Amino acid sequence: MNTVLVAYATKHGSTREVAADVARVIRQAGFEVDISPARDVKSLDLYQAVVLGGALYMGRLHKDARKLLKRKRGELASLPLAVFAMGPKSTEPQELEGARAQLERALNAVPEVKPLATAIFGGVMKFGKKKALDARDWEAIQAWAEEVAHKLGAALAR
Ligand SMILES: Cc1cc2nc3c(=O)[nH]c(=O)nc-3n(C[C@H](O)[C@H](O)[C@H](O)COP(=O)(O)O)c2cc1C
């Protein structure tokens with residue numbers, strides 16, 4: 001059976017929760033799925049495909065995600081890969097565009113790596129201890145994960 005690695009880079013956990021949901025959907029589509037923090041990924045030998053998710057901070061993709069892209073660029077260039085980034089506090093077009101440019105910059109640093117799907121999802125903004133603004137759209141996340149499962153399946157059948 002094909003095993004997919006879902007790796008994530010988070011500071012406060014919202015990206016991990018999205019990664020867990022993406023993993024669930026891909027598992028439901030019939031894949032074996034492992035989930036791991038990006039910085040703990042030592043080897044990709046066991047995996048036939050990878051999904052990488054990272055939070056955006058200060059205009060950049062989380063360092064652990066950028067590092068994984070660099071460390072494993074050779075393998076990621078030939079494995080089916082999907083990448084998502086989390087950040088904007090709303091899904092207004094302008095906010096999404098800014099976040100998309102931040103993700104593009106991280107991907108442009110490893111030009112041989114060509115994801116078959118990318119996405120930007122709204123993030124979680126905390127205000128003090130109790131208040132949070134959660135712009136995550138779980139339906140959009142699930143729809144993307146289904147599309148990714150489909151694309152990974154098609155790539156692996158080739
Ligand atoms: C200090 C700080 C800087 C941020 N910078 C950006 C940014 O440049 N672009 C963006 O889209 N989101 C930015 N965000 C929003 C985060 O990406 C969002 O809160 C995300 O859900 C955090 O993910 P995590 O919970 O996995 O760490 C920032 C958030 C904080 C607290």
Side-chain angles (χ1 to χ4, degrees), residues 3-29 31 33-44 47 49-73 75-76 79-111 113-149 151-152:
T3 306
V4 179
L5 173 67
V6 176
Y8 59 87
T10 181
K11 231 183 223 179
H12 296 293
S14 65
T15 306
R16 181 181 58 241
E17 290 166 1
V18 171
D21 208 50
V22 168
R24 175 186 65 79
V25 171
I26 294 176
R27 204 172 278 130
Q28 265 174 10
F31 293 93
V33 181
D34 283 353
I35 179 161
S36 167
R39 69 165 171 274
D40 294 346
V41 175
K42 301 271 183 307
S43 164
L44 296 178
Y47 303 109
V50 176
V51 178
L52 174 63
L56 295 165
Y57 278 97
M58 311 302 279
R60 302 178 87 175
L61 187 64
H62 193 297
K63 190 169 69 182
D64 294 349
R66 283 187 281 125
K67 278 193 171 170
L68 181 63
L69 286 169
K70 285 227 170 98
R71 285 195 286 126
K72 298 292 178 194
R73 61 199 293 169
E75 285 157 282
L76 292 174
L79 284 175
L81 168 73
V83 182
F84 70 88
M86 305 252 322
K89 59 185 179 298
S90 77
T91 44
E92 296 289 318
Q94 212 179 337
E95 300 248 23
L96 283 179
E97 262 329 292
R100 200 174 302 283
Q102 294 166 4
L103 173 59
E104 282 307 313
R105 201 162 343 119
L107 291 171
N108 287 343
V110 284
V113 176
K114 296 186 178 69
L116 48 74
T118 60
I120 300 292
F121 300 124
V124 177
M125 254 23 87
K126 292 230 163 74
F127 304 101
K129 280 219 169 107
K130 289 204 175 139
K131 271 200 177 168
L133 189 156
D134 190 341
R136 290 176 297 182
D137 177 344
W138 293 102
E139 276 182 21
I141 290 162
Q142 281 159 33
W144 184 76
E146 279 165 17
E147 181 195 322
V148 165
K151 286 186 171 172
L152 295 181

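These numbers come from a predicted model, not from an experiment. Ligands are counted one by one from 1 in listed order, and the atoms in each one are counted from 1 as well.
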Taking all non-hydrogen atoms of both residues into account, name the closest pair between [X] and [Y] and its distance.
{"X": "W144", "Y": "T118", "result": "NE1-O, 3.5 Å"}
{"X": "R73", "Y": "V113", "result": "O-CG2, 3.7 Å"}
{"X": "T91", "Y": "A135", "result": "CG2-O, 4.3 Å"}
{"X": "V41", "Y": "R71", "result": "O-NH1, 2.7 Å"}

Protein heavy atom at shortest distance from [atom]:
{"atom": "atom 15 (C) of ligand 1", "result": "G87 O, 3.5 Å"}
{"atom": "atom 2 (C) of ligand 1", "result": "Y57 CD2, 3.7 Å"}
{"atom": "atom 25 (O) of ligand 1", "result": "S14 OG, 2.6 Å"}

Around R39, counting heavy atoms of other residues, nucleotides and ligands shown, do more than 12 lie under 6.0 Å from its CZ?
no
Residues, nucleotides or ligands: over 12 heavy atoms within 6.0 Å of Q28 CD:
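Buried by this count: over 12 neighbours within 6.0 Å.
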Relative to the heavy atoms of [X], which atoms of ligand 1 are at a distance of less than 4.0 Å?
{"X": "M58", "answer": "3 (C), 4 (C), 5 (N), 6 (C), 7 (C), 8 (O)"}
{"X": "T10", "answer": "24 (P), 25 (O), 26 (O), 27 (O)"}
{"X": "P88", "answer": "11 (O)"}
{"X": "G123", "answer": "21 (O)"}
{"X": "M86", "answer": "17 (O), 21 (O)"}
{"X": "Q102", "answer": "7 (C), 8 (O), 9 (N), 10 (C), 11 (O)"}

What distance do Y8 atom OH and R16 atom CZ have between them, rounded to the nearest 0.5 Å?
5.5 Å
Polar contacts were defined as any N/O atom of the residue lying under 3.5 Å from an N/O atom of the ligand; does this apply to [X] and ligand 1?
{"X": "R60", "value": "no"}
{"X": "G59", "value": "yes"}
{"X": "M125", "value": "no"}
{"X": "K11", "value": "yes"}
{"X": "A99", "value": "no"}

Please confirm whether the backbone N or O of S14 pairs with a side-chain atom of R136, one donor and one acceptor, at under 3.5 Å?
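Pair found, side chain donor or acceptor close to backbone of S14.
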If we ignore hydrogens and angles and just use 3.5 Å, is the side chain of K72 paired with the main-chain N or O of K42 as donor and acceptor?
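Yes, the answer is positive, given that a donor and an acceptor are paired below the 3.5 Å cut-off.
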Are the side chains of P115 and L107 in touch, meaning some heavy atoms are under 4.5 Å apart?
yes
Proximity winner for atom 28 (C) of ligand 1, if only heavy atoms of T15, L56, V124 are counted
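Answer by nearest heavy atom: L56.
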